[in-house]
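Remarks on the structure that follows.
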Amino acid sequence: MQGIRLPDAQLGVPGPGWEAWEGDCPPGAYMKVSTAWEGNPGQTLWYIKDPNGQIGSLGRRNHVVTEHEDGTISVTPSILADDPRPTDEQMGGAAPGAIAGPGWHGFLERGVWRSC
């Protein structure tokens with residue numbers, strides 16, 4: 001699946017990136033988000049919407065994101081999303097929204113999503 005890069009955004013600051021993210025953001029979209037504010041360099045996060053439509057972020061822990069000259073990104077290692085839809089069996093005492101288990105698993109290479 002070909003991903004789409006949304007305009008960059010800054011955490012807590014309205015702008016075109018957030019408008020695109022909150023609007024009709026399709027599966028496969030990704031957006032560069034700066035957490036910097038005055039006097040704090042912050043960090044860069046990447047908000048993603050995987051091919052299944054699950055929302056997540058990269059850049060805080062286990063993933064290295066490489067931004068290419070054409071604006072696409074590659075992520076290592078593979079991305080493993082949790083599926084937030086619990087099965088009936090898991091609902092026996094689980095709170096609504098409990099994690100059901102693995103969701104989409106694959107790679108994002110030069111803006112292209114590829115399942116494992």
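- A distance of 10.0 Å separates CG of Leu11 from CD of Gln43, quoted to the nearest 0.5 Å.
- Contact check for Val75 versus Val64: no side-chain heavy atoms found under the 4.5 Å cut-off.
- Remark: His105 NE2 to Arg114 CZ distance equals 10.0 Å, nearest 0.5 Å.
- Among all heavy-atom pairs drawn from Gly59 and Leu45, the shortest one is C-CD2, 4.2 Å.
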CA sep, side-chain torsions, deciding dist, call: Arg110, Gln2, side-chain contact (heavy atoms from CB on, under 4.5 Å): CA-CA 9 Å; Arg110 292 196 169 267; Gln2 178 63 55; over 6 Å; no
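- Note on Val65: it clusters hydrophobically with Tyr30, by side-chain heavy-atom contacts below 4.5 Å among ILVMFWY residues.
- Atom SG of Cys116 is separated from atom CD1 of Ile79 by 9.5 Å, given to the nearest 0.5 angstrom.
- Atom CG of Leu108 sits about 8.0 Å away from atom CG of Leu58, to the nearest 0.5 Å.
- Evaluation of the ring-ring contact (aromatic ring centres under 6.0 Å, His included) rule for Trp46 yields no partner, not counting sequence neighbours.
- Two residues are said to be in side-chain contact when any heavy atoms from C-beta on lie closer than 4.5 Å; Thr44 and Val33 fail this criterion.
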Considering only distance and modelled atom types, tabulate donor-acceptor pairs under 3.5 Å from the side chains of residues 16-27, sequence neighbours left out.
from  : atom 1 : to    : atom 2 : distance (Å)
Trp18 : NE1    : Gln10 : O      : 2.9
Trp18 : NE1    : Val13 : O      : 3.3

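- Ile4 CD1 to Met31 CE: the interatomic distance, rounded to the nearest 0.5 Å, is 12.5 Å.
- A single hydrophobic cluster is seen to contain both Trp113 and Ile73, as judged by linkage of ILVMFWY side chains at heavy-atom distances under 4.5 Å, directly or through other members.
- Phe107 and Ile48 are not part of a single hydrophobic cluster, where members link through side-chain heavy atoms under 4.5 Å apart.
- A donor-acceptor pair is defined here as one N or O able to donate and one able to accept, closer than 3.5 Å; such a pair exists between the side chain of Arg5 and the backbone of Gly71.
- Pairs engaging residues 50-69 under the ring-ring contact (aromatic ring centres under 6.0 Å, His included) rule: none recorded [sequence neighbours left out].
- Taking CH2 of Trp104 as the reference point, atom CG of Asp50 lies at 6.5 Å (rounded to 0.5 Å).
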